[in-house]
Protein chains: 4
Amino acid sequence: MGDTMDGTRQRRRGNTRQRIQDIALELFAEQGYEKTSLREIAERLDVTKAALYYHFKTKEEILVSIFDDLAKPIEDLIEWGKDQPHTLETKQEIVRRYSEALVAAAPLYRFMQENQATVRELRIGETFKHRMLGIRDILIDPTADLVDQVRCVSAMFTMHAGMFVLQDLEGDPEAKRQAVLEVATDLVTQAHRGTGGSAARS
Amino acid sequence: MGDTMDGTRQRRRGNTRQRIQDIALELFAEQGYEKTSLREIAERLDVTKAALYYHFKTKEEILVSIFDDLAKPIEDLIEWGKDQPHTLETKQEIVRRYSEALVAAAPLYRFMQENQATVRELRIGETFKHRMLGIRDILIDPTADLVDQVRCVSAMFTMHAGMFVLQDLEGDPEAKRQAVLEVATDLVTQAHRGTGGSAARS
Amino acid sequence: MGDTMDGTRQRRRGNTRQRIQDIALELFAEQGYEKTSLREIAERLDVTKAALYYHFKTKEEILVSIFDDLAKPIEDLIEWGKDQPHTLETKQEIVRRYSEALVAAAPLYRFMQENQATVRELRIGETFKHRMLGIRDILIDPTADLVDQVRCVSAMFTMHAGMFVLQDLEGDPEAKRQAVLEVATDLVTQAHRGTGGSAARS
Amino acid sequence: MGDTMDGTRQRRRGNTRQRIQDIALELFAEQGYEKTSLREIAERLDVTKAALYYHFKTKEEILVSIFDDLAKPIEDLIEWGKDQPHTLETKQEIVRRYSEALVAAAPLYRFMQENQATVRELRIGETFKHRMLGIRDILIDPTADLVDQVRCVSAMFTMHAGMFVLQDLEGDPEAKRQAVLEVATDLVTQAHRGTGGSAARS
DNA sequence: TATGAATGAGCATTCATTCAT
DNA sequence: CATGAATGAATGCTCATTCAT
């Protein structure tokens, strides 16, 4: 207590695991999973490749660990959502919280989005898909009108992709997030009201 | 009569280039660009790797050639759109045609969508981005309300992603496409009307 | 006769063989034998690789044919030399004629000089070595003093290497050749006189 | 006693880098750079190709490292020579020391001599050329008579080539070296005295 | 906690060569 | 005379992974 080993030390030594995750995610998001080699990660950290293997059993496990850490809040959110009544308010709340949760996990989601082909064959692929379906099932009844289902999927995609597609636009990120959120909320709301289908069109 | 000399045999030899493109796209879309090796492509075609190099200078060039062939109609569409007045009707027409054009190019777009990290560093990455911006500039004024811009981007993403995300849903593909189209059209229409910004909604 | 097929045609069509040799030697001398591919030669000639195989059975045979053509005068020279009495005058004459002969065969000799490692394993390697020994045996008795033998070898090397080593020097090529010739003649003359081994050796 | 713990065993592992260089130089000199594959080097060492890449980044770097190690004494010699007065004694001393230095670096120089076409495009090509010019500038004034310049170049070439050209001659190597040295010294001495030009001879 | 040394499998690419047309 | 299409063997190189220290 009160002594020097108060976190600084924890941050110097003993946080290699964390640093690996940080750099790995950065590189994965930037260049893709396959094009990022362990050599590159190790070099950036100024350790040897073998050191990575002290902390993680495989390359995939590095990714898995990142995913588990960063996607936890979102999993919690889904768990919470499942227990709520599927009212419009719940749905809007889910979308709002989801949008918030994505901020912290942005690089991970950018990675997931841009490396789907790779991710699909990885262990996290299934997990991720499950979660997406989890959210979808909260946002809309699987038996709902097709158009409304599309609206919900669209809402989710809008939130996922929105950020980094809008990345090269001017303007402050929070404003963009709000814009994305508004569009997503709209979509979910419309879907909930069941405006879908040709009736609306006639 | 009418079909000279069978054609099938004649085509057996002499269409290798096309067959390479077909198999390559199939594998690229299925497993990703990096994870698909030229050995695999060659084996599926029952030729040697060296044969691929007779027809294409590099692995990337195989992809480029596929892209150039399949994305041509979409490029044409954009060119056409640029010359039209930016009325609501034009926008809806663009969306409708775009949706149609995507059917033929579906596997390619699936590939582009799922391999963005890879594609970004390839020659076609820039080209693709340019086209997307081309469409966006037809659908919405770059100075428009942020929310409306998001709506347009969302419309495009909905069309891109819609198909294969909905792939595992029951129901006939054309019906799904119509549903996607409807949502996209809605989004573009709303964007055009400038309902963006929360004030308009309250 | 008197008609159009008077040599022009011979030069247009029908001289592909010659053109292959010319380009091949140029590239071999410039980049080395191994680093020059048949593809490159074919491209420069604007024919297909297969066309090369119509004219020559193998890559090596292209080189052999060049060698046989260009080195003929030198072979003749050696034959002539063998039948002469081994007087100083003969030796000086050989050196003089050799120096002259090298002008026409310069690119070939440059190639031989700069690709000895490669050439050694090729068929022409033995042939070339034989000729060199042939000249040496004219210039000096194999039982002569070691120093004088070195002088003769040095004379030959001076002539071989002289040209392209002096290539990057200013001055007209013929002047350089004369200089090289003078040094070579000196060496042979000294060797002949048996000055070998300085006072220190006597 | 005096030799701790044998040393041989300790060196078995841990000197792979050196062993690679040794075998590589041997093969490069014997077969040429291009015709020597990394597979071959690896096989001779009974390690995998990948092991070579642990110690050297590229094939070229193996050669560069050999060159850097073996040509160091010669570089030192040139540096030394540059600071001396350009008297006849200095020149003769340079030639003598150069001849000595070449003994240790013989296989490397044989390689350089026999693979000029290849070496020219490699990084060491320029370096080597620079050194040769360095020596030349010590041995003779660049404005000297052309014939005398040739004498100096000839002296250098004689030393380079002398050894392995005389390789297939009987007799002990040191005697041959002395013979080569004598001829080279003669040439440099004559060049220094400015006997060049036929006038001087008549 | 880490490293030094190495492996085995794989990859994109190139090459000389062949042969039916 | 020449081409179009293909092959088999090789090459330099990279990667994820292992393990003794």
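Lettering of chains follows the sequences in order, A, B, ..., and the numbering in each one begins at 1. Computed from a predicted model, the values in this text were never measured in an experiment.
With sequence neighbours excluded, the residues that form a side chain to side chain donor-acceptor pair (under 3.5 Å) with R131(C) are E75(C). In this structure, K59(D) has no salt bridge (charged side-chain N to carboxylate O under 4.0 Å, His left out) partners at least two apart in sequence or on a different chain. Judged as a salt bridge (charged side-chain N to carboxylate O under 4.0 Å, His left out), and not counting sequence neighbours, the contacts of R120(B) are E114(A). Not counting sequence neighbours, R17(C) has no partner by the salt bridge (charged side-chain N to carboxylate O under 4.0 Å, His left out) test. Residues forming a salt bridge (charged side-chain N to carboxylate O under 4.0 Å, His left out) with E60(B) (at least two apart in sequence, or on another chain): none. For the side chain to side chain donor-acceptor pair (under 3.5 Å) test, no residue two or more places apart in sequence or in another chain qualifies with T58(B). With sequence neighbours left out, the side chain to side chain donor-acceptor pair (under 3.5 Å) criterion links Q18(A) to D22(A).
For residues 39-67 of chain A, no pair satisfies ring-ring contact (aromatic ring centres under 6.0 Å, His included), with sequence neighbours left out. For the side-chain hydrogen bond (donor to acceptor under 3.5 Å, both in side chains) condition, the pairs that include at least one residue of residues 36-47 of chain C, sequence neighbours left out, are E26(C)-R44(C), Q31(C)-T36(C), Q31(C)-E40(C).
Pairs of Watson-Crick or G-U wobble type, with distances under 3.5 Å, assemble into runs of 3 or more in DNA chain E at these ranges: E:2-21 with F:2-21.
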Dump the pairs, protein N or O against N or O of nucleotides 17-21 of chain E, anything under 3.5 Å, distances to one decimal.
unit_1, atom_1, unit_2, atom_2, d
dT17(E), OP2, Y53(C), OH, 2.8
dT17(E), OP2, K59(C), N, 2.8
dT17(E), O5', Y53(C), OH, 3.2
dT17(E), O4, K49(C), NZ, 3.2

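Separating the CG atom of D46(C) from the P atom of dA2(F) is a distance of 12 Å, rounded to the nearest angstrom. Between the CD1 atom of I41(C) and the C1' atom of dC15(E) there is a distance of 12 Å, rounded to whole Å. In this structure, the OH atom of Y33(A) is 13 Å from the P atom of dC15(F), given to the nearest Å. In this entry the distance linking CD of E61(D) with P of dT14(F) reads 11 Å, nearest Å. In this structure, the CG atom of L52(C) is 13 Å from the C1' atom of dC15(E), given to the nearest Å. Between the CG atom of L45(B) and the P atom of dA5(F) there is a distance of 15 Å, given to the nearest Å. In this structure, CD1 of I62(B) is placed 12 Å from C1' of dT13(E), rounded to the nearest angstrom. The CZ-P distance, from R19(B) to dA6(F), rounds to 8 Å in whole Å.
Residues L52(B) and L45(B) meet the side-chain proximity criterion, which asks for heavy atoms closer than 4.5 Å. At least one side-chain heavy atom of V119(D) sits less than 4.5 Å from a side-chain heavy atom of F111(D).
Comparing E40(B) and A51(D) by the nucleotide of DNA chain E whose heavy atom lies nearest to each, the residue mapping closer to the 5' end is A51(D). Residue-to-nucleotide proximity on DNA chain E shows that, of E34(B) and T48(A), the 5′-proximal contact is made by T48(A).
Contact annotation: T16(B) side-chain N/O to dA6(F) OP1/OP2 distance is under 4.0 Å. For the pair H55(D) and dG4(E), the criterion of a side-chain N or O lying under 4.0 Å from OP1 or OP2 is not met. Between Y54(B) and the phosphate of dA5(F), there is a side-chain N or O to OP1/OP2 separation shorter than 4.0 Å. At the phosphate of dT11(F), OP1 or OP2 sits under 4.0 Å from a side-chain N or O atom of R39(D).
Minimum atom distance to the side chain of S37(D) is reached by dG12(F), of the listed dG12(F), dT3(E), dA6(F).
Under the 3.5 Å distance criterion, the side-chain polar atoms of Q116(B) are matched with a main-chain donor or acceptor of Q113(B).
Proximity of residues 115-128 of chain B to DNA chain F (heavy atom under 4.0 angstrom from any strand atom) is not detected for any residue.
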